[in-house]
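A quick write-up on the structure given underneath.
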Amino acid sequence: MKANYLDELNEQQREAVIHINGPIMIVAGAGSGKTKVLTTRIAHLMRNGVDAFNILSLTFTNKAAREMKERVEKILGGSEARNLYIGTFHSVFARLLRAEAHRLGYPNDFTIYDTDDAKSVIKTIINELNLDDKHYKPNFVYNRISAAKNSLMGPEEYQLDHLVQQEDMRANRPLIGKIYDMYAKRTFKNGAMDFDDLLFKMYILLKTFPEVLHKYQHKFKYIMIDEYQDTNPAQYEIIKLLGAVNENICVVGDDAQSIYSFRGATIENILQFEKDYDDVKVVKLEQNYRSTKSILNVANEVIAHNKGQIEKNLWTDNTEGDTIKLVRTMTDNEEGKFVADTISEQKLRNHYDNRDFVILYRTNAQSRSFEESLRRKAIPYRIFGGLSFYQRKEIKDYVAYLRVTMNTRDEESLKRIINYPVRGIGKTTMEKTIVLANEHNITMWQVLERARELGFKGGTVEAIEAFVVMIKSFQALLSTHNAYDVAVAVGKSTNLVKELFNDKTTEGLARYENVQELLNSIKEFTETPDEEGELLDKSMGSYLQQITLLTDADQGTDENSDVVKLMTIHAAKGLEFPVVFTVGLEETLFPSGMSINTREELEEERRLFYVAITRAKARLWLTYANSRYRFGNLVQNEPSRFLEEMPEKFIDRSYAGGGSVRNAFGGGNTSGWSNSNNMFDRMQKKTPGQQPSQPVTQKPAAKPTFSPATTHVPSADFTPDDPAGMEPGMQVEHQKFGFGTIAAMEGAPNNRIATINFPKGGGEKKIMLNYAKLRIIR
DNA sequence: AGCAACGGCGTTTTT
DNA sequence: CGCCGTTGCT
């Protein structure tokens with residue numbers, strides 16, 4: 001244990017850490033050691049007698065939660081940190097609701113609908129109401145409903161609220177309230193919650209059941225909230241309820257980095273915190289440890305253009321560092337090329353690794369030109385964002401089977417699989433099923449169960465009955481087998497896996513691999529001890545709820561993979577990189593054309609720019625293109641207004657990459673500047689044929705966090721041994737991770753957990769022996 | 001029932 | 001431009 005953990009803090013940090021009881025607000029400027037303060041504070045609480053079980057810490061990503069736990073463990077030693085309740089608002093509440101949802105009439109194994117699922121339900125309802133989905137766009141309606149829930153407004157209130165109704169009338173969409181009402185009823189009938197429900201229903205639960213509120217008020221005696229500037233009213237009210245008894249609430253945030261108002265976050269929460277409680281301790285962390293003076297000065301000056309912030313003065317002891325480079329290119333493609341070239345150059349000149357670079361953009365769609373240029377130069381990269389692994393069709397299909405197995409009320413999933421793979425339950429049958437379900441006021445599944453009785457005939461009734469029997473056989477397996485075995489059985493019985501296996505097209509192969517990856521992730525889930533709380537819930541239901549909440553920031557835990565990262569600025573929140581490229585600094589793109597109509601919107605864009613700048617530790621490039629393709633046609637853009645807000649002193653506007661040194665700002669003609677024959681290109685050309693025929697580029701696809709780095713082919717005679725005989729020092733073989741050595745053993749005798757070092761399987765893994773299949777070598 | 005061709009639309013940002 | 005959903009054909 002580190003005895004001197006307080007010595008590693010500056011005065012303000014220490015002040016924040018040693019404050020134990022009563023509300024405290026930590027205003028933490030960018031790079032001011034916020035995470036360190038949070039983790040040290042948790043450790044300090046525990047050192048001073050607070051039980052880890054009584055600490056709730058809410059973070060912005062699951063990855064942040066995991067890291068936090070590790071860091072606390074490092075400070076304290078031992079494994080007490082395992083008992084902390086750390087996670088995102090959504091995942092923590094999902095877990096609590098898993099224990100309590102029945103009180104609200106939901107199954108505890110409720111399904112969590114992602115945005116696509118939710119929009120699909122909405123679209124169904126719009127069609128049922130005979131409304132035009134061109135006018136009532138599901139997307140628009142979804143956002144309206146989402147906003148309502150985030151401000152804790154239910155369907156009834158929504159339809160009665162004058163202001164809201166006026167807005168809908170003015171938008172010529174008066175029936176949104178009606179759709180909302182039906183949507184709420186439908187998802188409830190489906191036993192499903194969407195993302196916003198995880199907050200909304202949590203609030204309802206605490207409001208409705210005093211004994212539940214009481215229970216959690218006393219469980220969570222100490223509450224910490226990271227990124228408080230990005231919380232919404234629903235989150236605010238829940239925290240208010242949970243913290244009401246002990247008032248040991250610690251919020252950490254930076255109003256200058258509030259960038260999520262589009263999903264209901266309100267900066268008011270942090271601005272008002274001082275008024276919410278008596279005697280709020282306020283600590284400001286103003287020393288930046290991350291960036292050079294140049295970077296920080298530019299950031300400070302940019303954000304000064306916003307009005308009304310919490311007063312603070314962010315400063316640094318770091319060196320002045322390089323100037324910030326401002327670069328214009330002719331087109332978006334040249335922008336991509338410039339960035340790739342510069343990365344090559346910087347690697348040589350300053351000995352950077354790929355992992356030191358990040359490319360930040362405003363919209364996901366901008367990634368393309370950078371992908372191409374990086375691929376061309378064989379620079380490995382990884383894109384964060386875009387379509388997640390779990391949104392892929394083949395994965396959603398597979399998961400839909402698992403969901404229905406867990407929760408037969410889930411119609412969205414049921415409709416997805418009822419005739420996939422084809423089993424003779426076509427459109428007519430499905431429609432009839434829906435009609436019957438409505439008529440008898442039962443679920444679709446119950447109609448299927450009683451198909452014969454309800455008048456289905458011939459081949460149809462046989463097909464339905466076979467389907468019902470199959471799903472029930474999966475359900476029966478749940479009590480005797482772990483989630484992985486059930487999933488495998490599902491793949492076999494449905495022919496899902498075989499069907500994909502027989503598809504020898506490239507896409508078919510990729511889909512097959514993705515499904516294997518899904519199975520791997522389930523396997524790893526069942527075998528890895530739970531790091532997020534005291535419950536070792538390894539059930540299928542727990543798995544399904546968890547994967548829906550995984551985000552892009554959560555993956556890419558493989559810190560050791562040496563790749564350039566590409567992501568939106570939103571996704572980069574909380575991260576830092578030695579070298580940052582912020583690209584696409586053009587009017588209508590950044591600031592976004594959608595956000596230049598009010599001062600509030602524009603200020604949020606500026607905060608976003610501030611976040612982008614402050615990600616950089618040592619070097620920062622800002623680029624923009626004269627023209628770029630948007631929606632298929634070439635458009636001209638002015639340079640971003642933000643560029644004019646930066647202090648000249650720290651900016652190098654003359655650095656224009658391939659040629660022109662003049663006139664980085666002016667419009668006009670720069671023809672001839674793009675004959676890119678700079679040194680990096682030449683270097684690249686010097687080694688023809690030396691490039692790997694297979695580019696090292698990682699698959700941009702988001703993969704589950706828990707997938708192994710390498711695949712091990714098990715020995716032919718692989719048979720699992722009885723885990724009872726396993727002890728530290730033994731050599732074992734794992735079907736996926738390969739050969740390894742048992743480093744340590746812990747856990748109760750009937751639930752032993754081994755720490756095993758797999759040299760080729762991704763290093764040290766914790767494995768629950770009850771679930772893992774291991775072969776003893778010696 | 002399954003596939004090809006076509007057209008329309010979209011880009012903020014994400015749990 | 002590229003994706004998605006719809007249409008219309010077989």
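Since this is a predicted model, take the numbers as computed values, not measurements. The chains referred to below are lettered A, B, ... by the order of the sequence lines, with proteins before strands, and numbering in each begins at 1.
Taking the side chain of A:Thr115 as heavy atoms from C-beta on, and the options B:dT15, B:dT11, B:dT14, the nearest nucleotide is B:dT15. Set against B:dA1, B:dT12, B:dT15, the side chain of A:Val422 has B:dA1 as its closest nucleotide. Listed nucleotides: B:dT13, B:dT15, B:dT11. Nearest to the side chain of A:Thr88: B:dT15.
At the heavy-atom level, A:Thr568 lies under 4.0 Å from the strands shown only through sugar-phosphate atoms. Using a 4.0 Å heavy-atom cutoff across all strands shown, A:Tyr260 reaches sugar-phosphate atoms only and no base atom.
Taking the side chain to side chain contact (heavy atoms under 4.5 Å, CB included) definition, one finds that A:Arg263 meets it with A:Phe60, A:Tyr260, sequence neighbours left out. A search for side chain to side chain contact (heavy atoms under 4.5 Å, CB included) contacts involving A:Ala256 returns A:Asp254, A:Ile303, A:Gln309, A:Lys312, A:Tyr610, not counting sequence neighbours.
Between the side chains of A:Asn269 and A:Thr231, at least one donor-acceptor pair of N or O atoms lies under 3.5 Å.
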In dot-bracket form, 5' to 3', how is DNA chain B paired? Count Watson-Crick and G-U wobble pairs only if both distances fall under 3.5 Å, and write | where the partner sits on another strand. ||||||||||.....
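A cation-pi arrangement is present between A:Lys393 and A:Tyr420 under the rule of less than 6.0 angstrom and at most 45 degrees off the ring axis. A cation-pi arrangement, defined by a distance under 6.0 Å to the six-membered ring centre and an angle within 45 degrees of its axis, is present between A:Arg382 and A:Phe384.
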Could you pull out the protein-nucleic contacts involving nucleotides 4-10 of chain B (nitrogen or oxygen on both sides, under 3.5 Å)?
from   : atom 1 : to       : atom 2 : distance (Å)
B:dG10 : OP1    : A:Lys137 : NZ     : 3.1

Protein-nucleotides 6-10 of chain C N/O pairs closer than 3.5 Å?
from  : atom 1 : to       : atom 2 : distance (Å)
C:dT6 : OP1    : A:Lys123 : NZ     : 3.0

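Listed in residue order, the members of residues 262-271 of chain A having a heavy atom less than 4.0 Å from DNA chain B are A:Phe262, A:Arg263.
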